[in-house]
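To start, the structure itself, in C-alpha cells.
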Amino acid sequence: MAVCDAFYKFSLVDIGAYGSQYDSIVFSDSPFGSTILHRQRVILHLPHETALPNTDRILPYFFVADQAFPLHEKIMRPCPGERLGEAKEIFNYRLSRARRTIENTFGILASRWRVFRKPIIANVETCIAITKACVALHNYLQKGEEDLPLEQRRYCPPDMETTFAQTE
C-alpha cells in the first residue's frame, strides 16, 4: 500500500502484506491505517486545513482511495452503486482521475525496475528490502528530474504517465 504526491513520488509505503489479502484488511492492520482511523493527525504530520488558491474557502486535506477503503473524514472514496445521478457520476469520475496518480506511480516504478515484472523468487525479508530500495531509488531519480525541462527528463519522460493513463 502506498501514498504518492502529484509528482509521482511515494510519500508513504507499507510493504510486507501478501497480495492475496484484502486492501481493507491491509489498511486497517497497517500503522498508517490505524493512525488515520484513530484520528492521530500529528503522527503522520498531515497538513492543517487550508484555503483553496485565490479563495477564502477552507478545505481539509484527504487521501483518495478506491471502494476497498472505509469512508472517513480523511479518506475520499467513490460513491457506491449504479445510476447515481449526474453529480455523483461526475464526482466518481474526478476521483478516479485523481487516483490515476498512484496507479501511474506504480506503473513508472514497475517499468523502470524490471524486478517487478514477474514474481520475485526470494524470501519475504529480501522482497521487502528490494521493494524499499526500488522505492527509494525511484523517489531519488524522480526528484532529481523535477527541475529539468520536460524534453531532458530520462527517468520519467513526459509521455510516460499518459501511456499508463491510456491503458486503464
Side-chain angles (χ1 to χ4, degrees), residues 1-17 19 21-81 84-110 112 128 131-148 150 153 155-156 158 160-168:
M1 180 177 348
V3 175
C4 73
D5 64 15
F7 303 103
Y8 306 110
K9 290 189 308 265
F10 291 100
S11 315
L12 184 142
V13 292
D14 190 317
I15 304 165
Q21 289 180 307
Y22 292 110
D23 287 343
S24 59
I25 303 292
V26 172
F27 176 73
S28 61
D29 288 349
S30 72
F32 169 66
S34 62
T35 300
I36 291 290
L37 296 175
H38 295 99
R39 294 175 167 79
Q40 298 170 318
R41 187 193 68 74
V42 176
I43 293 173
L44 290 176
H45 305 290
L46 298 177
H48 291 283
E49 294 78 13
T50 56
L52 289 173
N54 305 318
T55 70
D56 297 346
R57 187 158 184 177
I58 306 260
L59 290 176
Y61 286 87
F62 55 88
F63 296 96
V64 176
D66 62 19
Q67 307 86 304
F69 293 84
L71 187 58
H72 186 271
E73 65 186 20
K74 292 290 181 192
I75 301 171
M76 280 286 186
R77 55 171 273 183
C79 298
L84 300 172
E86 185 178 7
K88 288 182 180 178
E89 291 285 344
I90 291 170
F91 172 81
N92 281 356
Y93 171 75
R94 290 183 177 160
L95 202 65
S96 171
R97 298 252 338 239
R99 258 193 32 252
R100 280 189 194 162
T101 306
I102 189 67
E103 303 296 337
N104 289 348
T105 305
F106 277 117
I108 294 164
L109 180 76
R112 292 302 187 197
I128 291 171
T131 305
K132 284 179 181 179
C134 290
V135 166
L137 289 168
H138 166 87
N139 280 357
Y140 176 77
L141 293 168
Q142 193 68 352
K143 176 90 174 127
E145 290 193 344
E146 276 180 357
D147 297 327
L148 292 176
L150 291 176
R153 295 181 183 182
Y155 181 70
C156 180
M160 181 177 269
E161 65 265 7
T162 56
T163 301
F164 295 122
Q166 292 169 359
T167 59
E168 294 178 9

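Numbers here simply count residues along the sequence, with the first being 1. What you are looking at is a predicted structure, and each value in this text was computed from that prediction instead of being measured.
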In Å, rounded to the nearest 0.5 Å, how long is the span from CD1 of Ile108 to SG of Cys4? 9.0 Å
Side chain to side chain donor-acceptor pair (under 3.5 Å) partners of Arg97, counting only residues at least two apart: Tyr93
Which heavy-atom pair separates Phe7 from Gln142 by the least distance, and what is that distance? O-NE2, 3.1 Å
Salt bridge (charged side-chain N to carboxylate O under 4.0 Å, His left out) pairs, two or more places apart, involving residues 27-37: none
CZ of Arg153 to CG of Leu141, rounded to nearest 0.5 Å, is 13.0 Å
Residue set satisfying side chain to side chain contact (heavy atoms under 4.5 Å, CB included) with Pro31, at least two apart, ordered chain then number -> Asp14
Give the minimum heavy-atom separation between Tyr8 and Thr101, together with the two atoms involved. CD2-O, 3.7 Å
Where do Ala2 and Ile102 come nearest, in terms of heavy atoms and distance? O-CD1, 3.9 Å
Please list, chain by chain and in numerical order, all residues satisfying salt bridge (Lys or Arg N to Asp or Glu O under 4.0 Å) with Lys143, sequence neighbours excluded. Glu146
What's the shortest heavy-atom distance between Glu49 and Ile58, and which atoms? CB-CG2, 3.6 Å
Minimum heavy-atom separation for Glu145 and Cys156, please, with both atom names. OE1-N, 3.4 Å
Could I get the full list of side chain to side chain contact (heavy atoms under 4.5 Å, CB included) partners for Leu95, not counting sequence neighbours? Val64, Met76, Pro78, Phe91
Any idea which heavy atoms bring Leu71 and Ile75 closest together, and the distance? CD1-O, 4.0 Å
Quick one: which residue pairs count as a side chain to side chain donor-acceptor pair (under 3.5 Å) with a foot in residues 55-68, not counting sequence neighbours? Thr50-Tyr61
Could you tell me which residues satisfy ring pair (Phe, Tyr, Trp, His ring centres under 6.0 Å) with Phe27, sequence neighbours excluded, listed by chain and number? Phe32, Phe69
When you compare the side chain of Met1 with that of Ser30, does any pair of heavy atoms fall below 4.5 Å? yes
Residues in ring pair (Phe, Tyr, Trp, His ring centres under 6.0 Å) contact with Phe10, at least two apart in sequence or another chain: Phe106, His138
Nearest 0.5 Å please: distance from the NZ atom of Lys74 over to the CZ atom of Phe63. 8.5 Å
Check salt bridge (Lys or Arg N to Asp or Glu O under 4.0 Å) between Asp5 and all other residues, then give those that pass, not counting sequence neighbours. Lys9
Not counting sequence neighbours, which residues clear side chain to side chain contact (heavy atoms under 4.5 Å, CB included) with Ile15? List them please. Val13, Ile128, Thr131, Lys132
Checking Leu84 now: which residues fulfil side chain to side chain contact (heavy atoms under 4.5 Å, CB included) with it, not counting sequence neighbours? Cys79, Lys88, Glu89, Asn92
OH of Tyr155 to CG of Leu148, rounded to nearest 0.5 Å, is 14.5 Å
